[in-house]
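All residue numbers in this chain count up from 1 along the given sequence.
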Amino acid sequence: EKNTKKKKPANKLLSVFGRLQYNYAERYMLSGSLRYDGGSVFGANNKWGIFPAVSGGWLVSNEKFFKNWGMSWWNTLKLRASYGVTGNNSISNTAAYPTLSAGNYAGAPGYKANSLGNADLGWEKTHSTDVALDLGFFNNRIQLSLDWYTKNTTDLLYQVPVEGVSGFTTVWDNLGDIHNEGFEIELNTHNLTGKFSWSTSFNMSYNKNEVKALGKDNTPVYSGFDKNNPSNILTVGKPVNTFYMYDAIGVWKNQAEIDAYSAAHGGKPVTFEGKQIVPGDIRYKDVNNDGVFDKDNDRDYLGSPTPKLVFGMTNTFIYRNFDLSILMTAQTGGKIFGVLGRAIDRPGMGAKGNALGHWREAWWSEDEPGNGKVPYILSSTTGATLDSRWLYSSNYLRIKNLTLGYKLPINPKFISYARVYVSIENLAKWDSYYGGYSPEAANTAASSSPGGSSALGLDYGGYPSPRIYTLGINVNF
């Protein structure tokens with residue numbers, strides 16, 4: 001009783017930190033800091049973490065030799081570098097503690113175990129290095145920043161599977177190491193000046209990540225859709241939460257096709273997870289080319305839920321009292337799994353229910369094989385399977401915001417500034433995602449599955465981004 005808390009623990013953070021900065025003649029800049037943080041969400045044996053950081057800069061354009069070069073068109077040259085360690089404590093307040101919940105046994109009220117604890121659960125740490133170059137040209141009408149970075153995350157916070165004999169499926173633990181590296185580009189330009197002005201702000205980031213280690217023996221962790229039918233994998237050598245499932249490459253059109261495949265693999269029956277393949281079933285890639293399709297050998301790595309490139313661009317136009325700004329965003333290189341789209345679309349829902357239009361091109365018989373991609377709607381062999389039919393590119397281009405404003409000509413004696421404007425959020429979007437509303441709608445997996453809130457790239461019918469119309473006025477007195 002003395003060691004049992006009846007209230008949910010609060011999320012508290014206790015920190016001690018110091019910082020030192022030095023600037024010499026606006027040419028040489030140094031900064032250093034040290035944090036010592038304690039988090040209540042961690043286990044009793046591992047609550048504290050040390051987080052150092054150091055950075056330096058050299059403003060070369062303030063040096064005499066730079067000014068003596070006589071390049072009036074080149075205004076700014078700055079070199080920057082930094083290294084630091086940051087901590088992540090974004091887990092539930094009770095993740096490190098064994099918890100109880102009310103229950104009944106033989107009609108008598110009591111308490112039962114609700115979750116396992118981990119007294120050694122500690123900070124996830126990210127070691128970041130950044131090397132950068134800042135440039136300015138033509139009186140800084142063109143400003144360019146180039147950053148190259150690496151981020152090495154150690155002691156990754158993750159829900160890992162445990163032995164079923166424990167009575168539970170997962171427990172929070174510090175699992176492994178993740179390596180991220182990439183570059184970022186930021187460009188700001190004043191394209192036109194004067195009565196009509198036009199300025200542009202553009203940014204682009206590229207990132208790739210790779211799992212470097214997982215626990216003591218690098219055992220993969222499956223996550224995503226549910227614990228018995230996972231869609232993602234955390235494994236060494238691959239990006240975080242890589243999609244791992246069957247790759248659908250067509251439909252078995254006729255029995256002759258199945259027999260030929262069997263003959264090419266020693267005459268063994270062609271089966272899918274122990275079930276006999278029949279015409280009209282989905283055909284998958286035979287990853288190990290053994291003529292048998294099973295989870296252990298024929299699921300494939302089919303991309304990452306994390307986009308490789310993310311873009312943003314804002315153009316601002318001003319003419320007299322009018323102003324117009326357009327913000328566009330985009331991403332490319334990632335994947336999204338349409339869970340809601342699968343629920344609506346998969347053959348297991350039966351032929352009598354409403355269906356998507358592509359079922360008009362389904363396989364119906366060997367004489368009516370359809371388009372070779374959509375299976376027989378009554379197929380039961382692969383009905384409950386997760387496969388690439390519902391895995392889509394998450395690439396998109398969106399007009400995120402358009403704002404048109406007008407500065408009112410008023411008497412500044414009473415009001416110093418007044419502007420009316422109309423704004424539209426999420427004006428337009430272009431993508432190839434048909435499994436849900438938007439490729440930005442990916443949410444986390446079920447909390448009970450391995451990976452839980454850490455497993456990304458699945459869309460359970462995430463609410464779409466609404467188009468918002470706003471009419472407003474800004475007034476300064």
Side-chain angles (χ1 to χ4, degrees), residues 17 19 21 23 25-27 29 31 33 55 57 59 61-62 72-78 80 132-147 184-205 310-331 396-431 437-441 462-477:
F17 66 92
R19 183 174 62 182
Q21 293 180 303
N23 185 327
E26 295 298 326
R27 287 181 288 169
M29 290 141 277
S31 177
S33 65
S55 63
L59 191 55
S61 52
N62 276 357
S72 59
W73 53 273
W74 191 353
N75 310 109
T76 304
L77 172 59
K78 183 178 182 180
R80 296 181 283 115
L133 179 66
D134 297 328
L135 303 168
F137 305 99
F138 304 108
N139 292 322
N140 287 325
R141 283 185 61 175
I142 300 176
Q143 296 176 307
L144 176 65
S145 293
L146 305 171
D147 286 73
E184 296 177 348
I185 299 174
E186 184 176 353
L187 177 64
N188 295 293
T189 62
H190 297 280
N191 309 311
L192 296 174
T193 58
K195 186 177 293 186
F196 175 76
S197 67
W198 169 29
S199 61
T200 300
S201 178
F202 172 80
N203 61 76
M204 181 188 77
S205 64
V310 178
F311 305 87
M313 183 171 69
T314 300
N315 281 288
T316 302
F317 307 90
I318 299 176
Y319 178 71
R320 296 185 183 274
N321 285 5
F322 291 94
D323 62 87
L324 173 68
S325 67
I326 304 172
L327 169 62
M328 303 182 73
T329 59
Q331 69 180 35
Y396 73 86
L397 171 65
R398 180 191 291 274
I399 301 178
K400 186 70 174 176
N401 178 272
L402 186 148
T403 299
L404 176 64
Y406 178 71
K407 181 181 176 183
L408 298 173
I410 55 173
N411 188 337
K413 186 177 293 186
F414 304 103
I415 299 176
S416 59
Y417 173 85
R419 173 178 171 266
V420 294
Y421 66 92
V422 59
S423 174
I424 307 175
E425 292 278 346
N426 302 311
L427 176 60
K429 173 175 62 70
W430 296 270
D431 62 67
Y437 291 111
S438 169
E440 297 175 283
Y463 195 78
S465 301
R467 182 175 297 158
I468 302 173
Y469 300 87
T470 303
L471 179 65
I473 183 169
N474 305 123
V475 178
N476 293 338
F477 295 95

Are the side chains of [Y] and [X] in contact, using a 4.5 Å heavy-atom criterion?
X      : Y      : value
Val422 : Tyr469 : no
Leu324 : Tyr319 : no
Phe311 : Met328 : no
Thr470 : Tyr421 : yes
Met204 : Val310 : no
Leu408 : Asn321 : no
Asn203 : Ile185 : no
Asp431 : Ser438 : no

Whether the side chain of [X] engages the backbone of [Y] through a donor-acceptor N/O pair (distance < 3.5 Å, no angle test) should be reported.
X      : Y      : result
Asn401 : Leu327 : no
Arg398 : Thr329 : no
Arg80  : Gly57  : no
Asn75  : Phe138 : yes
Asn476 : Ser416 : no

Would one find more than 12 heavy atoms of other residues, nucleotides or ligands at under 6.0 Å from atom OH of Tyr437?
no

Atom CZ of Phe196: over 12 foreign heavy atoms under 6.0 Å
yes

So Trp73 and Phe137, would you call those rings parallel, tilted or perpendicular, with 30° and 60° as cut-offs?
parallel

Would you check, one step at a time, whether the test side chain to side chain contact (heavy atoms under 4.5 Å, CB included) holds for Asn426 with Lys400?
CA-CA 5 Å; Asn426 302 311; Lys400 186 70 174 176; 3.4 Å; yes

Rounded to the nearest 0.5 Å, what's the gap from [atom1] on [X] to [atom2] on [Y]? Could you check?
X      : Y      : atom1 : atom2 : result
Ile415 : Ile410 : CD1   : CD1   : 4.5 Å
Thr76  : Asn62  : OG1   : CG    : 8.5 Å
Glu186 : Ser205 : CD    : OG    : 11.0 Å
Ser201 : His190 : OG    : NE2   : 9.5 Å
Leu192 : Ile318 : CG    : CD1   : 12.0 Å
Leu135 : Leu77  : CG    : CG    : 6.0 Å

For the pair Glu440 and Lys429, find out whether any cationic side-chain nitrogen is under 4.0 Å from an anionic carboxylate oxygen.
no

Shortest non-hydrogen contact from [X] toward [Y]:
X      : Y      : value
Arg467 : Ile424 : CG-CG2, 4.0 Å
Met29  : Arg27  : CE-O, 3.5 Å
Asn140 : Gly136 : OD1-CA, 3.4 Å

Do we see a donor-acceptor contact under 3.5 Å between the side chains of Asp147 and Ser145?
no

Say whether Asn191 and Thr200, considering side chains only, have a donor N or O and an acceptor N or O under 3.5 Å apart.
yes

Salt bridge (Lys or Arg N to Asp or Glu O under 4.0 Å) filter on Arg419, not counting sequence neighbours, yields Asp323

Got a sec, which residues hit ring-ring contact (aromatic ring centres under 6.0 Å, His included) with Phe322, two or more places apart in sequence or on another chain?
Tyr406

